[in-house]
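Worksheet: one structure, shown below.
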Amino acid sequence: MNASTIIIILLMLFPCLVSAGDLAKENETATARFFSNLLETNDPDIAELTMAMKMMPKGADIHIHYSGAIYAETYLDWVGDKGYCIYDRSDPKLKIEAYRIEMRPKNQLPWENQKFCLDKNGVIANNIFYRKLLEVWSDRDFHNYYHTEEAPDQQFFDTFSYFGQLSNQNLAAGLDKLKIRAKHENVQYLEIMLKKAPSFEYPDLAKALDELDPDADENIVFSALTPYADFMANDPLVTKGISDYIQTEEVAISGMDDDEFRIRLQSYASRGAPRANVFSSLYSAFSAAHASKKIVGVNIVGPENSYISIRDYKLHMLMFKYLKTLFPDVHLSLHAGELANGMVPPERLENHIRYAVEIAGANRIGHGVDIPNEVNALALLHLLKEKEIPVEINLTSNNFILGVSGNEHPIKLYQRYGVPFVISSDDPGVSRIDLTHEFVIFAANYKPSYADIKKTVFNSIRYSFLSSEEKLTELNKLQSRFLIYESEIAKIEKTVHKDMHTQVELD
Ligand SMILES: [Zn+2]
């Protein structure tokens, strides 16, 4: 029996399966037509695009910071729940600062402080203060009207100092909010940077790190890191600290997975800290990711243009390389190239992405905005493509913090050179966006085909740090979600849009 005979017999036996396959293909084509009609104009209907993007399965958000994902309104609710208050003015004598949360219950404060500290109801009753609070705790209204402005990147990073401590007290409640948001916008998996890994400082050993030339050779750096790592490996305080950290992380997400949702965590260090702090925090992060199935990767966060981040960049990459020798199974997603012309001297735009890949061994790159300024960017693009190292693109964040948007953003460069990428949200609470919004910008500004949009969504699961079996399960679920989605969009395409075309013809 030849192949065509087998196909004919199968067609006779299972006609419904074949027609279901045909229908799915038809729905996919209709969805592609819907998007090309919507996007082919210079002035796309953003409202309809938003509706379509909100409905669309978006796979995963694999670049998202927990404390930056929670909206200021939620933080204010938590202030109320805890009986805390927020200062309405600054007074150095009382050591108080406007818009700061007092982390002690209001009724336990000295009378002088109580007078200037508003509880949640006090904040809500004062609309001017309430609006200003939202502006200080996020990027809201930053560009809308004239006010005395911080630099945007300063505004963005400063917000975290207002709610960082409070966010750590409400991990489970905050994560629950993010799960609900994810489900509402058809996101099935979150890979979240939840809490910084603990650091352990030994002054004598720290001195050896502080004395290193930031451009020192690998061997010299490794020989300064080894005694530090050995000390950490044998210190019971460190073992306890890391296991407490793992426990906090695992407890925070326990019971959250269900048939439609999965959550995993990334551990991280802060790149603006002193060297011993960065290294020991990275050691803890690697150690936790190695030990826990729920912590699937390690990252490094914080402004990439701060004095220390710039000075120690290569040193940090060597720390990653060193720790990879101790924990080779740990996956890395590194913020790299979150820089723009003018923020730093041109030489500093020339190698961050390359070092993250070639020295640290990054599996994914966060942002990657300065790629066109890298030395030999062309070879780097080929390398990213060849090694299948995807870039996590955060359009709103890049626009606000770096001032890079539209044609200046390298997203099309990545696409043209075959470098895989995903769309992610970074800090949706501070930026006051959601993942849907990021897909709307992606589609409206860069006019990808529906096939490209779909590929970008699948990339978010394909390049996540889930295990191979988990990825397969999630990819199948994503496929099923798309079948439903495309049948819904096909209906719109055949009814609403058809009527719209007729209307235009009649007019
Ligand atoms: Zn980020």
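In each ligand, atom 1 is the first atom listed, and ligand 1 is the first ligand listed. This one's a predicted model, so the numbers in the text were calculated from it and none came from an experiment.
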Shortest-distance N/O/S atom, His335 versus the Zn ion (ligand 1): NE2
Please determine whether a side-chain nitrogen of the Lys or Arg among Lys120 and Asp81 lies less than 4.0 Å from a carboxylate oxygen of the Asp or Glu. no
Only one of Tyr75, Phe129, Tyr87 forms a ring pair (Phe, Tyr, Trp, His ring centres under 6.0 Å) with Tyr99, so which one is it? Phe129
When you measure from the Zn ion (ligand 1) to the N, O or S atoms of Asp426, does any of those distances fall below 2.8 Å? yes
Applying the ring pair (Phe, Tyr, Trp, His ring centres under 6.0 Å) test to His335, which of His316, His352, His65 qualifies? His65
Does the shortest distance from the Zn ion (ligand 1) to an N/O/S atom of His367 fall below 2.8 Å? no
Are side-chain N/O atoms of Glu201 and Ser280 paired as donor and acceptor at under 3.5 Å? no
